[in-house]
Amino acid sequence: MTVAMRLGLSFMTREFAYVMCLERHHVLRVKPFFCDLRSFGTDSNDSDKGSDAPVSTFPPFSRRAYLSGRRRPLSPLERVSQLLPEDSLSREVWELRDTRNSEVEEDTQSLGKEREEATEEAQGSFTPHHVCVPGERPVCFGETLLAEFSRKRRLEFRKMFQLKEGLKLHSNWGLIAHEDMEGRPAGSIIRTSMGIPILIRRPSLDEFTLFMKRGPAIAYPKDASAMLTMMDVTEGDCVLESGSGSGAMSLFLSRAVGYKGSVLSVEIREDHHRGAVLNYQRWRSSWSLRRGEEWPDNVHFHHGDLISAGPLLAGRGFNSVALDMVNPHLALPAVVPHLHPGSVCAVYQANITQVIDLMEGLRCSALPLVCERIVEVQYRDWLVGPSLKKDGTFNKRKAPQEDDECEPSENTEGDLNCQDPVPFGDVPYIARPHPEQTGHTAFLIKLRKILK
């Protein structure tokens, strides 16, 4: 009982301090303290006596809170006014709360209309207003597409999928029916069921290899481009690939050799061989739908061991060889006899231990190969963007002013002889390395066949 009385007295003292503080700032109408305490009771008759103030209303949602589903933060005046009896508030406080409530209600109604229009636009039919350039084809079912969403110059969502009838694109930012994408030009922005704009476009070959279904590690585009440069692959070449993996390097070689060339890809594991064939066929079918022409069918996948593939290589010559396998020095004796003199064999190894094993195998063998280079390809991503203030607006570059030049004054506003100096630019830019950099992927070894 004593504890309860102490808590009650402390609560009354705290509320009395609030009343005295607000009375000093002319926020409250002064009333006797014990009369104000009646509003804290539980008797409805006592609390309703002598109360001429309007009915209390909770602060409605704000403009940002309406979109995010959260209530707006209360101002200090609203927080204090909710702790005090309603009949103790002055007329000025009630008028201020009424004006704020009316403004927020207008914002809520306008935002409701905007949100309904955005939802109708996302769910409604598409009326094309884009003028197609020659050779451009709209998106159709069966294609492989890429969905992206960026916010504040940062990529938040990216997903590669195949467009099929009756399906939907699921994300944390809402849903998009595949029927809404069909017939649109590539690079269109479509709003989800939540009103979030999503960019729908066709992926490039390097993006397809990064996001396709795979089991083993792929040859990354930066390493594949370096290998193609090492091997000097041109249209019409005949290339041997050992280790199909997920089919990434096979696709890059297929594009490099063109319709006149051919690629023989050998894989010892059946699951890797099956996955590489499926990825290759998926890219070819998507390419034919987007371009209206067939991708060259120049890659021949073979399931087997390259070390014992003598009958497969019999009577064939290769302009270059790409090896992506464990212990490549064991397969080199079967490959080198079919490699043209002066041609290059590019080896893809994951760590430096495998590189050392390869070099030791070449030293102990009598193969006519010379190691020319061992490289590690490193790319460094950068962020370049305009300088922004804390409120999101652009900073403006200020041109330097010399002391000798005349300074503008109030009396010389229309004087043509005194002009402002030519500015360096409207907005300054900031450049810095990207915080997320791609780490080590592989070592590339360049071997060349010579005649001893």
Side-chain angles (χ1 to χ4, degrees), residues 209 214 216-234 237-254 256-257 263-269 272-273 276 299 301-302 304-309 312-313 316-379 439-452:
T209 56
R214 62 178 187 261
I218 64 171
Y220 286 85
K222 66 183 185 68
D223 298 324
S225 60
M227 291 181 69
L228 293 176
T229 304
M230 281 184 178
M231 300 161 60
D232 195 19
V233 181
T234 57
D237 286 354
C238 183
V239 182
L240 173 63
E241 181 191 10
S242 175
S244 304
S246 299
M249 193 64 194
S250 303
L251 286 169
F252 287 110
L253 290 173
S254 175
V257 300
V263 178
L264 176 61
S265 182
V266 183
E267 176 59 51
I268 189 173
R269 292 187 53 170
H272 293 178
H273 168 75
V299 180
F301 294 94
H302 176 74
D305 190 2
L306 186 62
I307 300 176
S308 60
L312 179 65
L313 305 179
R316 304 187 62 174
F318 300 98
N319 300 98
S320 55
V321 178
L323 298 180
D324 183 5
M325 55 184 297
V326 182
N327 299 325
H329 59 277
L330 300 178
L332 285 175
V335 174
V336 173
H338 302 276
L339 185 63
H340 295 172
S343 300
V344 174
C345 175
V347 185
Y348 184 97
Q349 296 293 275
N351 52 64
I352 196 64
T353 304
Q354 296 178 354
V355 177
I356 295 174
D357 294 340
L358 174 61
M359 300 304 296
E360 183 66 14
L362 292 177
R363 186 187 66 83
C364 298
S365 65
L367 297 176
L369 293 175
V370 176
C371 180
E372 293 186 352
R373 295 187 65 186
I374 301 176
V375 298
E376 179 187 9
V377 182
Q378 292 183 348
Y379 283 176
H440 168 77
T441 53
F443 292 100
L444 306 180
I445 303 97
K446 182 179 181 181
L447 306 177
R448 187 180 298 276
K449 181 180 179 180
I450 59 174
L451 297 177
K452 295 183 179 180

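The residues of the chain are indexed from 1 along the displayed sequence. Fair warning: this is a prediction, and the values are worked out from it, not measured in the lab.
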Salt bridge (Lys or Arg N to Asp or Glu O under 4.0 Å) against [X], all qualifying residues, sequence neighbours excluded:
X      : value
Arg373 : none
Arg214 : none
Lys449 : none

Find the distance between [atom1] ([X]) and [atom2] ([Y]) and round it off to the nearest 0.5 Å.
X      : Y      : atom1 : atom2 : value
Ser265 : Leu253 : OG    : CG    : 8.5 Å
Met325 : Gln349 : CE    : CD    : 9.0 Å
Ile374 : Ile352 : CD1   : CD1   : 6.5 Å
His329 : Ser365 : NE2   : OG    : 9.0 Å
Cys238 : Phe318 : SG    : CZ    : 5.0 Å

Not counting sequence neighbours, which residues clear ring-ring contact (aromatic ring centres under 6.0 Å, His included) with [X]? List them please.
X      : result
His338 : none
Phe443 : His440
His273 : His303

Nearest heavy atoms of [X] and [Y], plus distance in Å:
X      : Y      : answer
Ile218 : Tyr348 : O-OH, 3.5 Å
Gly342 : Arg448 : O-NH1, 2.8 Å
Ala334 : Leu313 : O-CD1, 3.7 Å
Glu267 : Ser244 : OE1-N, 2.9 Å
Met231 : Ser320 : CE-OG, 3.4 Å
Ala276 : Gly245 : CB-O, 3.7 Å

Is it true that a side-chain atom of [X] and a backbone atom of [Y] form a donor plus acceptor pair closer than 3.5 Å?
X      : Y      : result
Glu372 : Ile445 : no
Asp237 : Val239 : no
Ser254 : Ser250 : no

* Asked: Can you pull the salt bridge (charged side-chain N to carboxylate O under 4.0 Å, His left out) pairs that have at least one residue in residues 333-362, sequence neighbours excluded?
  ->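 For residues 333-362, and leaving out neighbouring residues, the salt bridge (charged side-chain N to carboxylate O under 4.0 Å, His left out) pairs sorted by first residue read Glu360-Arg363.
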
* **Of all pairs that satisfy salt bridge (charged side-chain N to carboxylate O under 4.0 Å, His left out), the ones with a partner from residues 322-350, not counting sequence neighbours** =>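 Every candidate salt bridge (charged side-chain N to carboxylate O under 4.0 Å, His left out) pair involving residues 322-350 fails, so no pair, neighbours aside, qualifies.
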
Name all residues meeting the side chain to side chain contact (heavy atoms under 4.5 Å, CB included) criterion together with [X]; count only those two or more places apart in sequence or in a different chain, and write none if there are none.
X      : answer
Ala226 : Val377, Leu444
Ser343 : Leu339, His340
Pro337 : none
Leu312 : Leu264, Val266, His302, Ala309

Do the non-hydrogen side-chain atoms of [X] and [Y] ever get within less than 4.5 Å of each other?
X      : Y      : value
Pro333 : Leu367 : yes
Leu228 : Met249 : yes
Glu241 : Val299 : no
Leu323 : Leu240 : no
Ser225 : Phe252 : no
Cys345 : Val335 : no

* Verify side chain to side chain contact (heavy atoms under 4.5 Å, CB included) between Leu332 and Leu362, making sure each step is shown before the conclusion. => CA-CA 9 Å; Leu332 285 175; Leu362 292 177; 3.7 Å; yes

* **Leu447/Val347 under side chain to side chain contact (heavy atoms under 4.5 Å, CB included): CA gap, chis, key distance, verdict** => CA-CA 8 Å; Leu447 306 177; Val347 185; 4.0 Å; yes

